[in-house]
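Here the structure is laid out as structure tokens; the discussion comes afterwards.
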Amino acid sequence: MRTIIDYFSKTIQESREWKDWRWQLQHRLCKKTEFEPYLKLSEDEIEGLTSKKHFITAVTPYILSLMDPNDPNCPIRKQFIPSGKEKYISPLEMSDPCGEDGHSPVPGIVHRYPDRVLFLATDICAVYCRYCTRSRLVGHNSGLHFNETVEKGLDYIRGNKKVRDVLISGGDPLLMSDERIEMILKSLREIPHVELVRIGSRIPIVLPQRITDKLCTMLEKYHPLFISVHVNNPKELTPEVKEATSKLCKAGIPLGCQSVLLRGINDSAETMKALVQKLLTFRIRPYYLYHCDLVKGTSHLRTSITKGIGIMRKLRGFTTGYAVPTYVLDAPGGGGKIPIEPNNIMSQKDGMVRLRNWAGKIYEYKEETQSSPRKNPEHVHAEEMMLSLKI
Ligand SMILES: *Cc1c(COP(=O)(O)O)cnc(C)c1O
Ligand code: SF4
């Protein structure tokens with residue numbers, strides 16, 4: 001019988017094993033019986049953990065230690081512990097909600113925009129997020145031969161001179177070995193037309209132990225390299241995460257954050273503001289806030305676009321401009337990311353633009369129109385002054 005380790009105890013959390021990312025992965029919890037000793041499971045969670053589901057469950061001891069053992073509404077629990085509601089598939093939901101497969105010239109590459117590609121380098125993650133957009137691809141042990149896929153993807157990029165930016169994602173690329181990540185980065189750097197490499201990863205947040213000095217020393221050799229992390233709730237921003245992201249910052253890697261707007265996890269202006277402000281203190285710049293995609297079995301986690309716009313209205317002007325992400329919808333059918341910002345232009349007619357400011361007050365801006373460039377008396381006055389000054 002497997003002995004129970006108290007993952008919530010300080011002694012365990014200070015042990016050498018705890019700080020070893022491979023130990024964290026080896027001790028992941030997946031089944032109801034594995035969670036039971038640690039969490040007071042709700043009926044809904046029990047149903048989620050026992051019913052046949054389309055998407056794998058895996059939680060590292062580190063992530064478990066951030067969960068509230070008594071509260072099923074804990075924002076960390078809601079992201080990783082399956083709910084019985086996942087079995088309800090809305091007629092609007094899809095297995096490929098962003099239409100990625102339709103823009104995939106070779107397996108593992110999504111080429112939607114003219115100058116950049118998404119490169120899916122692996123199909124495994126450290127933990128599985130219930131709302132994952134790529135639940136059709138990740139965590140299935142589907143036997144996808146990623147060695148072969150990565151080679152074909154690299155060939156595709158080599159052959160496409162227009163690709164100046166490669167976004168490595170998955171799955172989670174930082175779950176691969178240092179050697180494998182280096183092989184991919186080195187191959188990309190050898191392609192003259194690839195100017196920029198980006199990595200999209202949840203690892204610095206969910207498995208901060210993985211961000212070792214050795215990994216950072218290797219990554220540093222392949223600049224310009226950006227990393228986008230993925231954080232949804234301020235509870236995820238722990239001292240361990242700060243240590244990991246500081247190492248990445250010291251290696252000169254600019255960090256951005258992609259968040260997903262999720263019901264009961266971050267869909268209030270207070271939580272979102274706390275999240276984006278805390279991100280800046282970690283030197284992570286909020287980049288995108290995604291509206292939750294129409295992924296199968298996620299309707300209980302989705303909220304409305306109106307609510308999202310309301311949250312965005314309470315950020316701009318009310319907090320540091322750097323803290324405000326772009327709220328986007330990754331359009332169903334493969335339209336790509338479409339910003340859904342609050343509309344601040346109230347009307348625009350005959351060179352007169354009426355705008356609403358952050359506090360809701362209306363301002364007017366007069367534009368010079370081509371037909372009447374000098375009709376504005378202030379302009380005439382300025383011109384006369386310049387003439388009289390002989391400038
Ligand atoms: C998000 C995404 C990118 C990168 O988009 P940016 O707006 O440049 O960050 C590239 N390709 C695909 C298919 C994407 O979904
Ligand atoms: S880490 Fe990213 S790819 Fe992996 S399950 Fe979460 S959202 Fe999906």
Side-chain angles (χ1 to χ4, degrees), residues 25 28 54-60 63 76 78-82 95-106 108-140 153 156-157 160 162-176 195-207 210 226-232 236 254 256-262 265 285-293 295-298 301 325-339:
L25 288 177
R28 282 190 289 188
H54 66 289
F55 192 43
I56 183 178
T57 301
V59 171
T60 53
I63 285 294
I76 310 288
K78 287 191 129 175
Q79 291 184 63
F80 304 107
I81 306 283
S95 62
D96 177 18
C98 306
E100 292 185 329
D101 297 343
H103 282 123
S104 181
V106 295
I109 293 275
V110 183
H111 195 170
R112 171 171 297 148
Y113 302 106
D115 68 339
R116 56 207 190 279
V117 295
L118 179 64
F119 187 8
L120 306 177
T122 170
D123 65 347
I124 54 170
C125 298
V127 289
Y128 291 96
C129 316
R130 304 320 303 165
Y131 52 85
C132 177
T133 294
R134 295 204 190 101
S135 54
R136 72 186 187 286
L137 294 177
V138 304
H140 290 310
Y156 179 82
I157 298 165
N160 275 268
K162 283 192 189 142
V163 178
R164 43 161 287 283
D165 172 7
V166 177
L167 172 51
I168 311 170
S169 183
D172 204 314
L174 294 185
L175 205 52
M176 297 185 286
E195 291 171 11
L196 183 69
V197 179
R198 295 190 269 173
I199 294 177
S201 171
R202 218 181 172 191
I203 289 289
I205 312 304
V206 296
L207 190 65
R210 169 73 185 97
F226 283 55
I227 292 184
S228 284
V229 298
H230 169 176
V231 191
N232 296 324
E236 292 161 63
C257 177
Q258 320 202 66
S259 307
V260 182
L261 182 64
L262 295 164
I265 293 168
R285 162 84 157 98
Y287 180 44
Y288 282 138
L289 171 63
Y290 290 94
H291 191 71
C292 181
D293 295 325
V295 189
K296 281 186 180 170
T298 57
L301 292 174
T326 305
Y327 178 37
V328 292
L329 176 75
D330 211 328
K337 298 174 183 76
I338 304 177

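As the structure lists them, so they are numbered: ligands from 1, and atoms in each ligand from 1. Index from 1, following the sequence.
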- line: Looking only at protein heavy atoms, what sits closest to atom 2 (Fe) of ligand 2 is H230 ND1, 4.4 Å
message: Within the structure, is a non-hydrogen atom of R198 found at a distance of less than 4.0 Å from ligand 1?
response: yes
field: Distance from atom 6 (Fe) of ligand 2 to nearest protein heavy atom, with residue and atom
entry: C129 SG, 2.3 Å
query: Between R28 (side chain) and A126 (backbone), is there a donor-acceptor pair under 3.5 Å?
result: yes
query: Just heavy atoms, cut-off under 4.0 Å: does L167 contact ligand 1 by side chain, backbone, both, or neither?
result: side chain
- request: Please could you name the atoms of ligand 1 that K337 approaches to less than 4.0 Å, counting only its heavy atoms?
  value: 1 (C), 2 (C), 3 (C), 4 (C), 5 (O), 14 (C), 15 (O)
task: Taking S259 for its side chain and V231 for its backbone only, find out whether a donor-acceptor pair lies under 3.5 Å.
output: yes
- request: Answer yes or no: is there a donor N or O on one side and an acceptor on the other, between the side chain of R164 and the main chain of E195, under 3.5 Å?
  value: no
- request: Mark yes or no for whether R130, through its side chain, and T298, through its backbone, hold a donor-acceptor pair below 3.5 Å.
  value: no
Stepwise side-chain hydrogen bond (donor to acceptor under 3.5 Å, both in side chains) test for D330 and Y288: CA-CA 11 Å; D330 211 328; Y288 282 138; over 6 Å; no
task: Would you confirm whether D96, through its side chain, and D101, through its main-chain N or O, come within 3.5 Å as a donor-acceptor pair?
output: yes
message: Side chain, backbone, both or neither: which applies to C125 and ligand 2 if a contact is any heavy-atom pair less than 4.0 Å apart?
response: side chain
Top protein contact for atom 8 (O) of ligand 1, by heavy-atom distance: R116 NE, 2.7 Å
query: Quick one: nearest non-hydrogen protein atom to atom 13 (C) of ligand 1, plus distance?
result: V110 CG1, 3.6 Å
task: Return the residue, atom name and 0.1 Å-rounded distance of the protein heavy atom closest to atom 8 (Fe) of ligand 2.
output: C132 SG, 2.3 Å
message: Under a 3.5 Å distance rule, please check whether S104 uses its side chain to pair with a backbone N or O of I109 as donor and acceptor.
response: yes
Chi angles and distances behind the side chain to side chain contact (heavy atoms under 4.5 Å, CB included) call for V206, F80: CA-CA 11 Å; V206 296; F80 304 107; 4.2 Å; yes
statement: ligand 1 to Y288, heavy atom cutoff 4.0 Å, flagged ligand atoms 6 (P), 7 (O), 9 (O)
- line: Per-atom filter on ligand 1: closer than 4.0 angstrom to a heavy atom of Y287 are 6 (P), 7 (O), 8 (O), 9 (O)
task: Keeping the roles fixed (side chain from H111, backbone from Y113), state whether a donor-acceptor pair exists under 3.5 Å.
output: yes
Atom 1 (S) of ligand 2: the protein heavy-atom neighbour that sits closest, reported with distance to 0.1 Å: R202 CB, 3.7 Å
Residue portion contacting ligand 1 (non-hydrogen atoms closer than 4.0 Å) for H103: neither
message: If you measure every N or O of Y290 against every N or O of ligand 1, does any of those distances drop under 3.5 Å?
response: no
